[in-house]
Amino acid sequence: MKSDFSKKVIEVVKKISKGHTMSYKEVAILAGSPFAFRAVGNILNKNYDKRIPCHRVVRSDGSSGGYNRGSLQKMKILKKEGAL
DNA sequence: CGTATGACGTGCA
DNA sequence: GTGCACGCCATAC
């Protein structure tokens, strides 16, 4: 599985440094599709990989958005890493 | 192959 | 400042 786009998204998310958050839009842009932020969230939702710090990916509003382990845990991790 | 959905983003009321 | 609706891409069924 994992099409080229999804792989790119994963790669970008993996490149996010600790204590640094990126919006789905930013990830989509770096992935090569500035208007695919929709697909970005979708891919992470169905293909969330353990090596992907998707908890560092937040919405443009700064909302935690969603998380496979619960938005609460996501927020907690961000706070712990210093991104919040 | 075609339709519907989704961890979004922006605009308007 | 908050809530609703529309539009976009990729994936799943």
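Protein chains get the first letters and strands the later ones, always in sequence-line order, with residue 1 at the start of each.
Rounded to whole Å, atom C1' of B:dA7 lies 13 Å from atom CG of A:L78. Atom C1' of nucleotide C:dA10 and atom CD1 of A:I10 are separated by 13 Å, given to the nearest angstrom. Between the P atom of B:dG6 and the CZ atom of A:F5 lies a distance of 19 Å, rounded to the nearest Å. At whole-Å resolution of the value, CD1 in A:I43 and C1' in C:dC8 are 13 Å apart. When rounded to the nearest whole Å, the span between CZ of A:R59 and P of B:dG6 equals 15 Å. Counting to the nearest Å, the P atom of B:dA7 and the CG atom of A:D61 are 15 Å from each other. Rounded to a whole Å, the NZ atom of A:K7 is 22 Å from the P atom of C:dC9. Put simply, CD on A:E26 is 21 Å from P on B:dA7, counting in whole angstrom units.
Residue A:K2 places none of its side-chain N or O atoms closer than 4.0 Å to OP1 or OP2 of C:dT11. In this model, the phosphate group of C:dT11 is approached by a side-chain N or O of A:S3 to a distance below 4.0 Å at OP1 or OP2. Between A:S60 and B:dT10, a side-chain N or O to OP1/OP2 separation shorter than 4.0 Å is present.
For A:K8, the NZ atom counts as loosely surrounded, since its 6.0 Å shell holds 12 or fewer non-hydrogen atoms of other residues, nucleotides or ligands.
Which of B:dG6, C:dA10, C:dC8 sits closest to the side chain of A:F35 comes down to C:dC8. Distance from the side chain of A:K46 is smallest to C:dA12 among B:dG6, C:dA12, C:dA10. Side-chain proximity of A:A39 to B:dG9, C:dA12, C:dA10: nearest is C:dA10. Taking every side-chain heavy atom of A:N47 into account, C:dT11 is the closest of B:dG9, B:dA7, C:dT11. Out of B:dG6, B:dA7, C:dC9, the shortest distance to the side chain of A:A36 is found at C:dC9.
In terms of polar N and O atoms assigned as donor or acceptor, the side chain of A:Y24 comes within less than 3.5 Å of the base of B:dA7 in a complementary pairing. Between the side chain of A:R38 and the base of C:dC9, no donor-acceptor pair of N or O atoms lies under 3.5 Å.
Side-chain N or O atoms of A:R59 include none that pairs as donor or acceptor with a backbone N or O of A:G65 at under 3.5 Å. Between the side chain of A:K7 and the backbone N or O of A:K2 there is no donor-acceptor pair closer than 3.5 Å. The main-chain N or O of A:G66 is found under 3.5 Å from a side-chain atom of A:K74 such that the two form a donor-acceptor pair.
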* Check the pair A:Y24, A:L44 against side-chain contact (heavy atoms from CB on, under 4.5 Å), reporting the backbone distance first and the verdict last. => CA-CA 10 Å; A:Y24 290 93; A:L44 294 175; 4.0 Å; yes
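Of the residues near DNA chain B, A:K25 and A:L44, the one whose nearest nucleotide (by heavy atom distance) lies more toward the 5' end is A:L44.
Using a 4.0 Å heavy-atom cutoff across all strands shown, A:F37 reaches at least one base atom of the nucleic acid.
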